[in-house]
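Here the structure comes first, spelled out in structure tokens, and everything after it is commentary.
Labels below follow one simple rule: chain letters A, B, ... track the order of the sequence lines, proteins then strands, and each chain is numbered from 1.
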There are 2 protein chains.
Amino acid sequence: MSNESSSYKEKKVISIGTVKDLTGLSVRQIRYYEERNLIFPARTEKGTRKYSFSDVEMLMSIADKREDGVQTHEIRKELKKAEERTRKEQLRDTMIRGQLNAHFNMIKR
Amino acid sequence: MSNESSSYKEKKVISIGTVKDLTGLSVRQIRYYEERNLIFPARTEKGTRKYSFSDVEMLMSIADKREDGVQTHEIRKELKKAEERTRKEQLRDTMIRGQLNAHFNMIKR
DNA sequence: CGTGTAAGGAATTCTGACACG
DNA sequence: CGTGTAAGGAATTCTGACACG
């Protein structure tokens, strides 16, 4: 039941200018891919966007696909498919864990 | 001979304002600890400071020690000692590796 | 020593919009 | 559709300095 929810890779701490340097994309492009729901930066109270290393990697992957002529809409569809797979895996894991716990409790008493 | 020099933890990508939020320190304090050579942020071409997660952790450690009344000069001395230990470990590892390679080369021919 | 603050300037980021192809 | 750009404003960051205890 441990939870290290703050891994460096997922923590949203990078400003858009740094993301630009890291990815080679323009600030306009980075904002546009957010508009198309391909990335989801956090916002500070003042409204500035903060990205994670994970977001940066996603942007590089998007850049590769765009170079191959893939439209953002297609990339979005692939992303949703991948998310669906993850959702199902998690559901399955949760159920297996539930079964295991049930057995353990049987044995304990 | 591999080299993954760009681990998320060491990459300098975080602006001082974000470091302030992450550590609870004031911007003044963060700059001052740099002046005392306790942390070493990178600089962009335009001169803005960039910190790594590692720097952030160091700052939190510094904050703890300052709360205990430890002066920056003392913290600096501890830091240098730790660095010296690391330097010696690396030297030893390098030498061991050299010995191993020498043996391998003997056997190979 | 360690930290706050006001000062002046430069660079960053934000949004909404027009342009182009 | 995807990206550039100019516009206006707000927030960020930088340095060097004075203040205080």
* **N or O in side chain of A:R49 less than 4.0 angstrom from C:dT13 OP1/OP2** => no
The nucleotide from C:dG4, D:dT3, C:dC1 with an atom nearest the side chain of B:R36 is C:dC1
Pair A:S52, A:K11 - check side chain to side chain contact (heavy atoms under 4.5 Å, CB included), show working.
CA-CA 5 Å; A:S52 65; A:K11 207 141 197 191; 5.8 Å; no
Exercise for the section: Report which part of the nucleic acid B:R31 touches: base, sugar-phosphate, or nothing (heavy-atom distance under 4.0 Å, all strands). Expected result: base
The residue among B:V27, B:I30, B:D55, B:I39 that forms side-chain contact (heavy atoms from CB on, under 4.5 Å) with B:V19 is B:I30
Assert: residue with more 5' nearest nucleotide on DNA chain D, out of A:H73 and A:K50, is A:H73
Side-chain N or O of A:T48 versus OP1/OP2 of D:dA11: is the shortest distance under 4.0 Å? no
From CD of B:E45 across to C1' of C:dA10 the rounded distance in Å is 15 Å
Out of D:dT3, C:dT13, C:dG2, minimum distance to the side chain of A:Y33 belongs to D:dT3
Of B:S26 and B:T44, the one whose nearest nucleotide on DNA chain C sits closer to the 5' end is B:S26
Quick note, A:R28 side chain, CB onward, closest among D:dA11, C:dT15, C:dA17 is C:dA17
Rounded to whole Å, the CD1-C1' distance (A:I62 to D:dT3) equals 15 Å
Closest to the side chain of B:R43, out of C:dG4, C:dG2, D:dT15, is D:dT15
Scanning all shown strands, the Watson-Crick or wobble mate of C:dC1 with both distances under 3.5 Å is D:dG21
Rounded to whole Å, the CD1-P distance (B:I75 to C:dC1) equals 13 Å
* Check every strand shown and say whether A:R66 touches a base, only sugar-phosphate, or nothing at a heavy-atom separation below 4.0 Å. => sugar-phosphate
Per atom distances to the B:I16 side chain, the nearest of C:dC14, D:dC14, D:dC1 is D:dC14
To the nearest angstrom, the CD1-P distance between A:I14 and C:dT13 comes to 12 Å
note: A:K20, atom NZ; C:dA11, atom C1'; distance rounded to Å ~ 10 Å
Against the side chain of B:Q29, the closest entry in C:dG4, D:dC14, D:dG4 is C:dG4
Assign each of A:T72 and A:S15 the nucleotide of DNA chain D bearing its closest heavy atom; nearer the 5' end lies the nucleotide of A:T72
Salt-bridge contact B:E84-B:R87 (side-chain N to carboxylate O under 4.0 Å) = yes
Separation of C:dC18 atom P from A:Y32 atom OH, nearest Å, is 18 Å
Here the pair of heavy atoms bringing B:N37 nearest to B:L79 is O-CD2, 3.9 Å
Between CD1 of B:I30 and P of D:dT15 the distance, given in whole Å, is 14 Å
Rounded to whole Å, NZ of B:K46 lies from C1' of D:dT15 at a distance of 17 Å
| Yes or no on side chain to side chain contact (heavy atoms under 4.5 Å, CB included) for B:K20 and B:S26, after CA distance, side-chain angles and deciding distance? | CA-CA 6 Å; B:K20 175 194 65 184; B:S26 70; 5.9 Å; no
Self-check item: Under-4.0 Å salt bridge between A:K81 and A:E78
Solution: no
Scanning all shown strands, the Watson-Crick or wobble mate of C:dG8 with both distances under 3.5 Å is D:dC14
